[in-house]
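Okay, structure first, notes after.
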Amino acid sequence: QVQLTESGGGLVQAGGSLRLSCTASGLNFDHYAMAWFRQTPGKEREGVSCISNNGRTTSLLDSVEGRFTISRENAKNTLYLQMNSLEPEDTAMYYCAAAPNLGSWCYSSQFEYDVWGQGTQVTVSS
């Protein structure tokens with residue numbers, strides 16, 4: 001069974017840090033581009049960051065550039081999102097997603113990803 005499981009969310013004060021993790025099972029992790037998306041009630045799901053299957057290519061949403069870092073450990077089937085200098089506007093449910101891709105690129109569109117986790121809530125207080 002293909003499954004993505006996020007962890008690491010929580011409540012943090014503005015300026016604080018969190019590290020999200022996403023562990024994959026049931027798939028060849030290094031055959032997949034991975035991404036983090038986030039969503040707040042009543043808003044469209046937003047792409048935060050993506051990373052190619054080999055980790056060589058990453059992309060970040062402009063508003064998190066310089067604050068967030070995406071990485072992956074293929075040996076551990078795990079994706080990470082290090083979030084520093086958190087702002088109240090970063091409050092959302094964060095989801096990881098996987099898309100089969102053996103090329104050195106990743107997708108910004110949620111419609112390219114066909115495996116999704118259940119999400120982990122990040123709440124940043126002011």
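Throughout, residue positions are numbered sequentially from 1 according to the sequence presented.
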Smallest heavy-atom separation, Ser104 atom then Thr57 atom, equals O-OG1, 2.9 Å
Sequence neighbours excluded, every pair satisfying salt bridge (charged side-chain N to carboxylate O under 4.0 Å, His left out) that has a member inside residues 57-69
Arg67-Glu87, Arg67-Asp90
Applying disulfide (SG to SG under 2.5 Å) as the test, list every pair that has at least one member in residues 25-93; sequence neighbours left out.
Cys50-Cys106
Keeping to residues at least two apart or across chains, list the disulfide (SG to SG under 2.5 Å) pairs with something in residues 10-39.
Cys22-Cys96
Which heavy atom in Asp114 sits nearest to a heavy atom in Ala99, and how many Å separate them?
OD1-CA, 4.3 Å
Qualifying residues under side-chain contact (heavy atoms from CB on, under 4.5 Å), relative to Ser108, sequence neighbours excluded
none
Taking side-chain contact (heavy atoms from CB on, under 4.5 Å) as the test, write out the residues that go with Val122, two or more places apart.
Leu18, Leu20, Met83, Tyr94, Val124
Do the side chains of Pro100 and His31 get nearer than 4.5 Å, heavy atoms only?
no
Hphob cluster co-occupancy, Val64 + Tyr80, side-chain heavy atoms under 4.5 angstrom
no
My understanding is that only residues two or more places apart in sequence, or in another chain, count here; which of them pass side-chain contact (heavy atoms from CB on, under 4.5 Å) with Ser25?
Gln3
How close do Leu86 and Val12 get, heavy atom to heavy atom, and via which atoms?
CD1-CG1, 3.6 Å
Please report the closest heavy-atom contact between Thr120 and Gly9, naming both atoms and the distance.
OG1-N, 3.2 Å
Show every salt bridge (charged side-chain N to carboxylate O under 4.0 Å, His left out) that has at least one partner inside residues 41-59, sequence neighbours left out.
Arg38-Glu46
Going by the rule side-chain hydrogen bond (donor to acceptor under 3.5 Å, both in side chains), which residues pair with Glu112 if we only count those two or more places apart in sequence or in a different chain?
none
Nearest heavy-atom contact between Met34 and Ala98 is SD-CB, 3.4 Å
Excluding sequence neighbours, so at least two apart, what forms side-chain contact (heavy atoms from CB on, under 4.5 Å) with Ser126?
Pro88
Is there a donor-acceptor pair under 3.5 Å between the side chain of Ser49 and the backbone N or O of Ser59?
yes
Can you tell if the side chain of Asp30 reaches within under 4.5 Å of the side chain of Asn54, non-hydrogen atoms only?
no
Checking Tyr32 now: which residues fulfil ring pair (Phe, Tyr, Trp, His ring centres under 6.0 Å) with it, not counting sequence neighbours?
none
Just to verify, what does Asn84 make a side-chain hydrogen bond (donor to acceptor under 3.5 Å, both in side chains) with, not counting sequence neighbours?
Ser17, Gln82
Remaining members of hydrophobic cluster (4.5 Å side-chain criterion), Phe37:
Met93, Tyr95, Trp105, Tyr107, Tyr113, Trp116
